[in-house]
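Here the structure comes first, spelled out in structure tokens, and everything after it is commentary.
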Number of protein chains: 2
Amino acid sequence: MSDQPTVERNADTAPGSAAFSPLYQQIKALLLQGLDRGEWKPGEAIPSELELAARFQVSQGTVRKAIDELAAENLLLRRQGKGTFVATHHEAKVRFRFLRLTPDDAHSAVTGSRILDCRRMRAPADIAALLELRTGDTVVNVRRLLSFDESPTILDDIWLPGASFKGLTVELLAGNRSPLYALFESEFGVSMVRADEKIRAVAASETQAELLEIPVGHPLLHVERVSFTYGDRPMEVRRGTYLTERFHYRNSLN
Amino acid sequence: MSDQPTVERNADTAPGSAAFSPLYQQIKALLLQGLDRGEWKPGEAIPSELELAARFQVSQGTVRKAIDELAAENLLLRRQGKGTFVATHHEAKVRFRFLRLTPDDAHSAVTGSRILDCRRMRAPADIAALLELRTGDTVVNVRRLLSFDESPTILDDIWLPGASFKGLTVELLAGNRSPLYALFESEFGVSMVRADEKIRAVAASETQAELLEIPVGHPLLHVERVSFTYGDRPMEVRRGTYLTERFHYRNSLN
DNA sequence: CAGTGGTCTAGACCACGTG
DNA sequence: ACGTGGTCTAGACCACTGC
């Protein structure tokens, strides 16, 4: 506990001065840094509010407000009586935030994953741009086919920055039974925290048609997702193609 | 100001008793009732925190927490130095929460709306179920075609409970220049607050193809939306069909 | 300058989980 | 019985808006 971070109390900021940051925002930033550094791992508890208040030399209420915001953003999870925990993809709750395809009738689907491909290569220009890399930087490309109740439903084309995902192989993926993001967390220390998606309807190409066992030209839902870790750093581009005859993409507008 | 609502202070609730509601949740419920009753209209300011605290006989902090939650749900809008306002669809910000189709290149699209149909009829079973009406209850059905830059892009099939939308006519719709939800607010006192959507890819039918000027079978994004007012009461079913060649549906996973 | 929401504090007490 | 987060209060002061 050697760190006594510098929190600026804005005592002298001129009224109407440009930069002004509330104390709790600074605490929030410090907590974010801790999460990013891996000081507290996914699933673990962070120190109690009182402990953090003591460490940062602020009141419990200020720490509370910082944690409130991180909890609202789903980075932390409060559990009364137990503590505050780092969110992890090893929980159904988190998982369904990212898995939006849902069966039309709420039956429990048996799911299967088949890895089609996993190779390292130089990033194409569009992928590089989305991942904020340089064209030609190494990336990992994974292609997989997900089935529900034995029928192929999702075709994923996934791109990851090579530097953060050394050692990602077909074998590792094939032996994996949890969601991909859970594996990224456990094996590579990469926590996905947020994602942006662009959705369109497209006609099935020949390869897509063959893999999904549908005619060429069949309408498919196409979802391009960019996922981010702490600090809004893009860490994955995922192009998903969904068959939506018996499934739909659910969304809530608030 | 005759109302001194009964807030239960839970002083005597046995430890571990079933029902227990924090004070601020009760205040929140009271504010929600006020919004629902139309005590404060969209765009108007609600009373100040101190005033509400006095009215409800609680501290400012408790009122604040109630308002915080309503603001987080986008029912209220805080503006420092000015007050707290009832959210309204007459603002670009609110509008884009519900309009998710976005041009691929961020150009400013000229938009046009053509009302195809507007008639009152007996509710089909599926619509009735979604609107929580009885089959055969009166509903209003509106069909319209939205164009961007002169090219038809969105085909909407809209269903509204007849009881709440008396006097909705083609003429009224044709003369309208604002978003539909803004019109619902001003003309019928119905505020849409939240919506659920189910999205799929479908092949264009003959009618759809003709109106959207595309070949039959062309892939289209199909969005079924159910919109809710205060208290989670469904007030609209909207089946939208989108052309996604130059537009996409944007979404954020948090 | 007055009034609004925003921040920060300190302390009391409640509800929950675990030992 | 203890420690955790959750609620509620009261008061001081700050930042923004508009008269």
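Protein chains get the first letters and strands the later ones, always in sequence-line order, with residue 1 at the start of each.
Between B:Leu77 atom CG and C:dG6 atom P there is a gap of 10 Å when expressed in whole angstrom units. Straight-line distance from the CZ atom of A:Phe56 to the P atom of C:dC8: 14 Å, rounded to whole Å. Across the protein-nucleic acid pair, B:Arg78 atom CZ and C:dG5 atom P stand 7 Å apart, rounded to whole Å. Taking atom NZ of A:Lys82 as the reference point, atom P of C:dG17 lies 8 Å away to the nearest angstrom. If you measure from atom NZ of B:Lys65 to atom P of C:dG5, you get 19 Å, rounded to the nearest angstrom. Distance B:Phe85 CZ to D:dT17 P: 11 Å, rounded to the nearest Å. Atom CD1 of A:Ile67 and atom P of D:dG6 are 9 Å apart (whole Å). Summarising the geometry, the separation between CG on B:Leu50 and P on C:dT4 is reported as 7 Å, rounded to the nearest angstrom.
Side-chain N/O atoms of A:Thr62 include none lying less than 4.0 angstrom from OP1 or OP2 on C:dT7. Residue B:Ser59 places none of its side-chain N or O atoms closer than 4.0 Å to OP1 or OP2 of D:dA10.
The pair B:Arg238-B:Glu236 counts as a salt bridge, with a side-chain nitrogen and a carboxylate oxygen less than 4.0 angstrom apart. In this structure, B:Arg246 does not pair ionically with B:Asp105, as no charged nitrogen and carboxylate oxygen lie closer than 4.0 Å. With respect to the salt-bridge test (charged N to carboxylate O, under 4.0 angstrom), the residues A:Glu39 and A:Arg55 qualify. Under a 4.0 Å N-O distance rule, the pair B:Glu73/B:Lys28 qualifies as a salt bridge.
With the nearest nucleotide of DNA chain C identified for both A:Tyr24 and A:Gln80, A:Tyr24 has the one nearer the 5' end.
Of the candidates C:dG5, D:dT9, C:dT9, D:dT9 carries the atom nearest the B:Val58 side chain, counting heavy atoms from C-beta on. Taking every side-chain heavy atom of B:Pro22 into account, D:dT7 is the closest of C:dC8, D:dA10, D:dT7. Candidate nucleotides D:dT17, C:dT4, C:dT9 were compared by shortest atom distance to the side chain of B:Ser48, and C:dT4 ranks first.
Ring planes of B:Phe165 and B:Phe188: tilted class, angle from 30 to 60°.
With hydrogens and angles ignored, no donor-acceptor pair under 3.5 angstrom links the side chain of A:Arg64 to the base of D:dG5.
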